[in-house]
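Remarks on the structure that follows.
Each ligand, and each atom within it, is numbered from 1 in the order the structure gives. The first residue of the sequence shown is numbered 1, and numbering continues consecutively from there.
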Amino acid sequence: MSRILYVEDNPANRLLVKRVLEAAGHTVLEAVDGLEGIRVAREAKPDLILMDINIPGMDGFETTTKIKSIPELKDTPIIALTARVMDGDREMALTAGCDGYIPKPIDVNLLPLQVTEFLGGKREEVPAAQKSAYLRQYSQQLVERLERKIDELTRANAELQRMDELKSRFISIAAHELRTPLTVMRGYLTILLDPEAGFQLDDKITEMLKGMEKGINRLQRIVNDMLDVTKIEGGTLDLHLSPLAIKDIIHGAVQQQLPFAQQRGQQIIADNFHGYPSIYGDAERLLQAFSNLINNGIKYTPDGGTIRIYGQVIHSDGDWHKQGFPAYTGDMVEIIVEDSGIGIDPEDQERIFLRFYEVKDPSLHSTSQSQYLGGGIGLGLAIARGIIEAHGGRVWVESEGHDPEKCPGSKFHVTIPLAPSHQRSFSIG
Ligand code: ADP
């Protein structure tokens, strides 16, 4: 009994061949296209591969050439199956690396015997005199396919960029259009709720108006985030720079987030950052960036967890390029926001900084700023990164992985350059 991999996109053909070969005592593995075929072949190391030539993506010739280049699969017989009746198809299949050729439609009475022959060592070859001509033809064919693919990818990329610009424009227009009516609503609400305005509101109505105020605050936060992300993308984030003490920024961000942590029975343990040199930055924007990081720590950590904030001054060792600061050789301050939460899988650790990217199901959105796993709209980290990068710094995350049971936690690292010489690269819009 042998294990046979059948690479074929047509389910009816797969079923037929599977039945025939299983009746003959073989085990049949299946793959629907070239890439899956390569993956299954690598994992399962079959005794023989039946390769349909007309498959989507990489065709059967290319898939064969690839499989034959994998050392542990180079001796696995690959038999081409094709309904193409063009002259030279058989030779082309053999040139690509196939060891035999079975024309389609498959003769179910013959197939088990044909397979047994190839399993037993039968090999077909292109006559030596024709080999180099077919090789030339095959490589020309590959280059043409490559050219077509590059052309398709270039077009698709241009289209994606166009869509991305449209999306950015939509976000910008929507945020600007929403801002004005929100300001009007907030203005009237403030008047209505002002005890000195003289409105005789009973408790029920006051409660309802406070509910509206909460909703408006939430909407305003979203609109502000949308506007910020638009500015970051357009490079027009206004930074009001001045010398700042790290301790004031961290203290301010902790004070802002403390009520949310308290609602969740969490502790925020922050170093006092005494003795740290000043940095040159925008106090409000840095406060916003650290608030976002701490707020995420609260949201993605179970009740009773801990958020720690600590740091270090990293003195210049002239080796910054290794850490992604090619042009910077001065001192840096590093601040770490560490939580005891659900953690983040390695493959998501870069993506979470993309705007609107969320690991979980977006339908689980919550309007609360503190609810466990209650995400916002996926802009918090994009904004934090935009602000930190505008200060010439970097932000990244370290985590063992995502595990809501064991809670391995996440560590967000922020580095900000100290040296005034770096001010040159601040982006001031
Ligand atoms: P939001 O929290 O509004 O969804 P963010 O940009 O702040 O958007 O975060 C993007 C995603 O990154 C979140 O939806 C969450 O899945 C993940 N994430 C962010 N911070 C943490 C953290 N501290 N622990 C675990 N996951 C996090």
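Of the candidates Val229, Leu381, Ile383, it is Leu381 that places a heavy atom closest to atom 9 (O) of ligand 1. Nearest to atom 7 (O) of ligand 1 by heavy-atom distance, out of Asp348, Asn296, Val397, is Asn296. For atom 12 (O) of ligand 1, the nearest non-hydrogen atom from the set Ile352, Ile222, Val337, Leu373 belongs to Ile352.
Contact annotation: Ser399 has no heavy atom less than 4.0 Å from any atom of ligand 1. Under a 4.0 angstrom heavy-atom cut-off, His402 registers as lying outside contact with ligand 1. Under a 4.0 angstrom heavy-atom cut-off, Asn292 registers as lying outside contact with ligand 1. For the pair Gly378 and ligand 1, a heavy-atom separation below 4.0 Å is found.
Considering both main-chain and side-chain atoms, Tyr357 never comes within under 3.5 Å of ligand 1 through any nitrogen or oxygen pair. The shortest N or O to N or O distance between Gly380 and ligand 1 is below 3.5 Å. In terms of N/O distances under 3.5 Å, ligand 1 is not approached by Phe412. At under 3.5 Å, not a single nitrogen or oxygen of Ala382, backbone or side chain, sits near a nitrogen or oxygen of ligand 1.
A side-chain donor from one of Asp348 and Tyr357 sits under 3.5 Å from a side-chain acceptor of the other. Between the side chains of Thr82 and Tyr101, no donor-acceptor pair of N or O atoms lies under 3.5 Å. Between the side chains of Thr415 and Glu334, no donor-acceptor pair is found at a separation under 3.5 Å. Side-chain N/O atoms of Asn224 and Arg179 include no donor and acceptor closer than 3.5 Å.
Note that the CG atom of Asp271 and the CD1 atom of Ile309 stand 9.0 Å from one another [nearest 0.5 Å]. For the atom pair CG (Leu379) and CD1 (Ile171), the distance works out to 7.5 Å, reported to the nearest 0.5 Å.
Under the side-chain hydrogen bond (donor to acceptor under 3.5 Å, both in side chains) criterion, Gln288 pairs with Asp228, Arg285, not counting sequence neighbours. With sequence neighbours excluded, the residues that form a ring pair (Phe, Tyr, Trp, His ring centres under 6.0 Å) with His413 are Trp396.
Per-residue contacts place Leu379 under 4.0 angstrom from the following atoms of ligand 1 (heavy atoms of the residue considered): 6 (O), 8 (O). Which parts of ligand 1 touch Gly343 is read off a 4.0 Å heavy-atom cut-off, strictly below it: atoms 25 (C). Atoms of ligand 1 found under 4.0 Å from any heavy atom of Ile377, numbered from 1 in the order shown, are 3 (O).
Other residues, nucleotides and ligands contribute more than 12 heavy atoms inside 6.0 Å of the OH atom of Tyr310.
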